[in-house]
Protein chains: 2
Amino acid sequence: MTEIEKTLHNKRVRPTAMRILIYKYMAGKNSAVALTDIENAFDKAERTTLYRTLKTFEEKGLVHQIDDGTNVSKFALCEPGCNCEIDQDLHLHFHCGNCDKTVCLTEHKIPHINLPQGYIAEDANLVIKGICESCSQH
Amino acid sequence: MTEIEKTLHNKRVRPTAMRILIYKYMAGKNSAVALTDIENAFDKAERTTLYRTLKTFEEKGLVHQIDDGTNVSKFALCEPGCNCEIDQDLHLHFHCGNCDKTVCLTEHKIPHINLPQGYIAEDANLVIKGICESCSQH
DNA sequence: AGAACTGTGCAACAGAAGTGCATTTTAATG
DNA sequence: CATTAAAATGCACTTCTGTTGCACAGTTCT
Ligand SMILES: [Mn+2]
Ligand SMILES: [Mn+2]
Ligand SMILES: [Zn+2]
Ligand SMILES: [Zn+2]
């Protein structure tokens with residue numbers, strides 16, 4: 001049983017061939033991926049399968065979905081200890097307008113916001129847009 | 001010339017009948033509106049016209065587009081003095097999971113975030129999700 | 001009035017997301 | 001190992017939002 005298989009097993013996700021491939025693919029990237037990205041990476045893969053795989057991964061706490069404002073959902077592997085399932089890992093995300101990549105800034109949590117009377121916060125999403133570290137050097 | 005006509009004129013938007021209606025509609029709501037909302041409000045209106053009207057309004061600084069994480073673009077009238085055109089009015093938005101309304105919290109600006117070395121911020125989007133003031137009272 | 005420009009309506013398209021159902025694969029059981 | 005139930009996959013199709021091209025209508029200017 002490989003490391004990845006163990007990881008999937010721990011989160012009660014059955015380690016099928018496709019799931020292992022997808023997990024491996026995401027683990028090898030340093031930025032969030034869209035469904036279409038995976039689709040293009042494995043051209044024999046079915047969109048529906050990928051779609052449902054990501055959904056399963058998310059439900060079981062293996063990945064978290066990111067809304068970076070591009071109207072295309074992105075996904076990133078959760079780091080060990082990430083509690084995003086219960087909205088307790090509110091790190092921010094950065095979207096680069098140059099290379100179009102979206103990255104997790106897991107060390108940077110969303111600051112607490114004082115809302116007006118009557119408003120109850122349950123979740124938050126903060127996306128910074130600009131030029132990423134890699135693009136700003138060239 | 002009515003107030004609305006003056007407002008449009010000031011922003012160099014020609015005050016056609018449809019535009020005045022749309023502006024009036026948005027001014028009468030206390031939450032952000034989606035294209036479909038307007039479409040439903042004026043059932044004889046053409047989707048394309050509304051789409052392009054909102055685009056024009058946005059380009060001329062009459063409204064700003066809001067990404068509240070629902071994957072449906074919302075629009076809200078800019079308040080006088082709003083500098084959202086140049087990404088200088090970074091107020092936050094609140095989306096209620098109960099009534100599904102999105103509101104501008106124009107008094108609440110997005111706090112400054114220290115990014116890692118190399119990252120250059122140009123814009124930011126902060127959406128708080130939860131229960132709105134109106135829904136939390138019932 | 002005529003020309004030039006702007007706005008509107010209609011049709012069609014693109015892309016992402018999502019669903020129903022039949023088939024295949026997996027994992028568990030005897 | 002064969003059986004079987006549950007889970008995963010593949011295919012087809014739908015919906016929704018956003019977007020564009022083009023012809024026509026309305027407006028503005030000379
Ligand atoms: Mn993340
Ligand atoms: Mn706003
Ligand atoms: Zn970049
Ligand atoms: Zn509400």
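A note on names: the letters A, B, ... follow the listed sequences, proteins ahead of strands, and every chain is numbered from 1.
For the pair Leu21(B) CG and dG7(C) P, the computed distance is 16 Å after rounding to whole Å. Atom CZ of Arg12(A) and atom P of dA27(C) are 15 Å apart (whole Å). The separation between Arg14(B) atom CZ and dA4(C) atom P is 16 Å, rounded to whole Å. Glu46(B) places its CD atom 5 Å from the C1' atom of dG9(C), with the value rounded to the nearest Å. Counting to the nearest Å, the P atom of dA16(C) and the CG atom of Leu54(A) are 14 Å from each other. The distance from atom CZ of Phe75(A) to atom C1' of dA16(C) is 11 Å, rounded to the nearest whole Å. Distance CZ (Phe42(B)) to C1' (dT8(C)): 16 Å, rounded to an integer number of Å. One atom, CD1 of Ile20(B), and another, C1' of dG7(C), lie 13 Å apart when rounded to the nearest Å.
Close to dG9(C), at under 4.0 Å from its OP1 or OP2, lies a side-chain N or O of Thr49(B). Between Tyr51(A) and dA17(C) there is no side-chain polar atom (N or O) within less than 4.0 angstrom of OP1 or OP2.
Formation of a donor-acceptor pair under 3.5 Å by the Lys129(A) side chain with backbone atoms of Ala124(B) is not found in this model.
Within the nucleic acid shown, Arg52(A) comes within 4.0 Å of at least one base atom, counting heavy atoms only. Within the 4.0 angstrom heavy-atom criterion, only backbone atoms of the sugar-phosphate kind lie near Thr36(B); the bases stay farther away. Nucleic acid contact for Ser73(A): sugar-phosphate only, since backbone atoms but no base atoms lie under 4.0 Å from a heavy atom of the residue. Residue Thr48(B) is in base contact, counting any heavy-atom pair closer than 4.0 Å across all strands shown. Residue Lys55(B) is in sugar-phosphate contact alone, with no base atom involved, counting any heavy-atom pair closer than 4.0 Å across all strands shown.
Applying side chain to side chain contact (heavy atoms under 4.5 Å, CB included) to His64(B) and the options Glu79(B), His93(B), Lys74(B), Glu58(B) leaves one that passes, His93(B).
Few gaps surround CD on Gln137(A); more than 12 heavy atoms of other groups in view lie less than 6.0 Å from it.
Side-chain proximity of Arg47(B) to dT28(D), dT17(D), dT9(D): nearest is dT17(D). Distance from the side chain of Thr53(B) is smallest to dT8(C) among dG18(D), dT8(C), dG10(D). The Arg19(A) side chain lies nearest to dA8(D) when the options are dG7(C), dC11(D), dA8(D). Between dT8(C), dG18(D), dT9(D), one nucleotide has an atom nearer to the side chain of Thr16(B) than all others, and that is dT8(C).
Nearer the 5' end of DNA chain C, as judged by each residue's closest nucleotide, is the contact made by Thr56(B), out of Thr56(B) and Asn71(B).
You'll find the side chain of Ile66(A) reaches within 4.5 Å of the side chain of Cys104(A), heavy atoms only.
Looking only at atom types and distance, the side chain of Glu59(A) has no donor-acceptor partner in the side chain of Thr56(A) under 3.5 Å away.
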